[in-house]
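Residue numbering restarts at 1 for every chain, and letters A, B, ... go by the order of the sequence lines.
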Amino acid sequence: MLDKKYNHKEVEKDKFKTWLKKEYFKCGDTSKEPFTIILPPPNVTGRLHLGHAWDVSIQDIVARYKRMQGYDVLWLPGTDHAAIATEAKVVAKLKKEGIDKYKLGREKFLEKCWEWTEEYGGNIRKEWANMGLSLDNTKERFTLDEYSVNAVNKAFIDMYNKGLIYRGKRIINWDPEAKTALSNEEVFYKDTKGAFYHIKYYIEGEDNYLDVATTRPETLFGDTAVAVNPKDKRYKHLIGKNIIVPIVNRVVPIIGDEHADMEKGTGVVKITPAHDPNDFEVGNRHNLERIVIMDEKAVMNEVTGKYNGLDRFECREKLIEELKEKDLLEKTEEIIHSVGYSERTNVMVEPYLSEQWFVKMKDLSQNLIKMQKDRDKKVNFFPKRYEKIIIQKAEECYDWCISRQLWWGIRIPIWYKDNEIKASVDSPGEGWVQDEDVLDTWFSSALWPFSTLGWAMEDDSLYKRYFPTNFMSTGYDIIFFWVFRMMFQSQNFTKQNPFKDCYMHGLIRAKDGRKMSKSLGNGVEPLEMVEKYGADALRYYLTTTSAAGMDLRFDEEKITSTWNFINKLWNASRFVLMNIEDIKEENLDNLKLEDKWILTKLNNTIKEVEKHMNKYDFNLAGASLYSFIWEDFCDSYIELSKSSLNDNTTKTVLLKVLTAILKMLHPFMPYVTEEIYQKLPIKESESIMISTYPKYNKNNIYLDEEQVLTKVLGDVTNIRNLKVNNNITKEASITIKSSKDLESIYKNMLKIKDDYIVEKAPKDKKEYNYKSNYIDITYYQEGSVLNKELLLKEIEKLEQSIIKRENLLANENYITKAPQNIVELDKQKLKEEQEKLKILKEKL
RNA sequence: GGGCGAUUAGCUCAGUUGGUUAGAGCACUUGCCUUACAAGCAAGGGGUCGGGAGUUCGAGUCUCUCAUCGCCCACCA
């Protein structure tokens, strides 16, 4: 027997171990159709946050649902080495211990990274287990295991040979803290206080100067031209003349270039080809020299003379002082402008000229667009709007910088000897040296849906069976980092998309709507919530309280509500189990009205839930289940069943409905449904995990009965309302007219005892009557007065509704154009309202 | 500058291909320990669905427009 109260700790205790032991999570039944989900690998940088919990709950729901529907489900787990993110954390940890990364050396440093990975990877595994995830842990992968490394090498070499990967000297986003290049995606922009420094650039041989405004004055050491717009009447005549870069006194040309915007600033712009991507382009157009003025730590180099060795910001400060002293500073305007920062180290990104590896995006993007426009080959996004967003991204695509000056990652399979370059995993021979850099962590992530399945391994049987995958779920914040890249890489190497459906969920926000973050200290630990309310409650809450693609404002009160819902399920189950212990065999031969009603409701719910589940509308599936369980099953059917608990048919219906409920809830709340399922006197399997998902059965639809009982229950509410409004007590005498089988239902639901039923109206007592198609009931009571006010209010409401409906039905357009069933419904409704009005008016 | 989303009850949010009187949770009012559940039961109150216009027999839902908030991308001398 179940305890009186739901105890999530007790319920969730050992089930996961049992499931594991029984190998329910393992894929491989080839008699079934495969269904594949690849887990987005969390970074081994720390704990899982609520966003992860949300993401994995969605996937587990789909995995369990599909498994119960008879698919051979592979849900493959894994973790990501997260190159720069992890390296930054390890570097920071070592720094605390007083150890310098470079002094430690590459090999020893990597050992530290592996130690870190073991520790945090282990934590992550525990948290997955806590959430009850049905991951096939015999196939766990890591982005630095041989599955991934082989795939990355194979992919890189292939792309290099095809010219899809090239090496180039370009201005890239440089992180001076981590001393590495970044892709555009790894830079985030933040409004930052800064200034426009208006510096005087004297024209050669003249006493005139041009006012050149810049936010980064220190870059003047690299200036190799000053540009004006060729159409700009103010400066047109100066094109071709020379100008003197202050402090360095370098003579550079004044050039005409479209890049100079007449509307902006003074219309004059200094050109620093080695330190600004736009200037780099200008430099290419005008054959300008590129002068690098900083090193990889953003410290000024020898080019800057006495500023050599100063940090970029220090240099800026000192330089401004010097400019002031020499009267070369026209003015300083304070501004707030947006400045790029490194996503991981949080330092200001420096546009930096360096030699890096790039993926050429044009053809890959074009192919993606083509594929996405093909109805049969495209990825279906949920919600649909992301299909447009991914195409937009493809259309504006720039080349992807993939080399990183880091150690933690997959080393670029490129070898150099003198002027020769070779792409190869192993050394091509004596004297060859491998590229020092590693690849962007997202390069390996992009291959994840097929690398994990053994695409580059000798044994690629998993790949053959389980690729392409069926379902991908992730937050919209990594659509460009990851989803986009998985798509084009998969298209490139497998000629297919990596997944059929892609579900995008939102971000978890704090209760006040702000982002959850460590720095704000408003983060919530999933483990803490599991501890307080159980994984089941957390999972159901996360997956059913918002619509697809929407952000979720975390609200602990709502988890409490979910806990209450589970407690309700628990107690309903308790009631059922208490009363069906002695059930002999299932028997549905003598279905009563209420049995037919609940079976109809159940089947409609099954149909609805399946529809929503197939579209990943978990909130709608959850809402259907919630109202069916709480309102139809608990509030109505269980109450009705109380009068026939000895009937084997009633017992059977209670069991059947409860079983179906448990099964439909199981993907959402695996633990509690398993707990209750285990206690059922008759069940189809040893675990609910391997039971079959309920199927809609039209033989169990009883439309007429459903309609009758729905009306009857409506009557019950109205009669209760009548009693409350008129303070009718339990002791009031009653006359009741109804059909025999319905009468027992009314009496049951209204808790009418035979003692108070009278044959005739007692004298000198007030009458309170309710009449409908199925019942005519009157309460008699002394002393109490008819609540005239309420009655009038009701009449007024009804009259308004009748007028509205009469007008509608008088509208010929409506009659002829609206569907017949809608019109019929209105006519019927009108009739009912008119009858009701008549009754109410009689009372007055 | 380009794009996307949001705006519905006091709060947090649902609302499917346009169709009965727009829903839920929490909060609120009233009455109940009715032996599955007081973390519950019963009955209620509360919304001109951001403003305006249009299409339609019919608009929270479709179109246009304006406003406010948020996000993404690009630019940022």
Give me, pair by pair, the N or O atoms of the protein and of nucleotides 26-30 of chain B that are less than 3.5 Å apart, along with how far apart they are.
residue : atom : partner  : partner atom : Å
B:C26   : O2'  : A:Glu557 : OE1          : 2.9

* To do: Please state whether the phosphate of B:A43, meaning OP1 or OP2, lies under 4.0 angstrom from any side-chain nitrogen or oxygen of A:Arg720.
  =>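 It does, given that an N or O in the side chain of A:Arg720 lies less than 4.0 Å from OP1 or OP2 of B:A43.
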
In terms of side-chain heavy atoms of [X], which of [options] is nearest?
X        : options             : result
A:Asn567 : B:C71, B:C75, B:A39 : B:A39
A:Leu825 : B:A74, B:G19, B:U20 : B:U20
A:His612 : B:U16, B:U20, B:A36 : B:U16
A:Ala547 : B:A43, B:G15, B:A36 : B:G15

Under 4.0 Å, heavy atoms only, any strand: does [X] hit a base, just the sugar-phosphate, or nothing?
X        : value
A:Tyr189 : base
A:Val268 : base
A:Tyr398 : sugar-phosphate

* With distance as the sole criterion, do the side chain of A:Lys558 and the base of B:U12 form a donor-acceptor contact below 3.5 Å? ->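 Indeed there is one.
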
* Kindly say whether, by distance alone, the side chain of A:Lys568 makes a donor-acceptor pair under 3.5 Å with the base of B:A39? =>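 There is none.
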
* To do: Could you provide the dot-bracket string of RNA chain B, using ( ) for intrastrand pairs, [ ] for crossing pairs and | for bases paired to another strand, with Watson-Crick or G-U pairs below 3.5 Å?
  => (((((((..((((.....[...)))).(((((.......))))).....(((((..]....))))))))))))....

Provide a list of protein-nucleic acid N or O atom pairs under 3.5 angstrom, restricted to nucleotides 1-8 of chain B.
residue : atom : partner  : partner atom : Å
B:G3    : O2'  : A:Gln392 : OE1          : 3.2
B:G3    : O2'  : A:Gln392 : NE2          : 3.2
B:C4    : OP1  : A:Lys388 : NZ           : 2.9

* **Pairing residues for A:Asp632 by the salt bridge (charged side-chain N to carboxylate O under 4.0 Å, His left out) criterion, not counting sequence neighbours** =>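 Scan of A:Asp632 (salt bridge (charged side-chain N to carboxylate O under 4.0 Å, His left out), adjacent residues dropped) gives none.
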
* Could you tell me which residues satisfy side chain to side chain donor-acceptor pair (under 3.5 Å) with A:Asn811, sequence neighbours excluded, listed by chain and number? =>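 Residues passing side chain to side chain donor-acceptor pair (under 3.5 Å) with A:Asn811: none at all.
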
* To do: Kindly write out the residues that satisfy side chain to side chain donor-acceptor pair (under 3.5 Å) with A:His275, not counting sequence neighbours, or none if the list is empty.
  =>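 With neighbours one apart ignored, the set is empty.
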
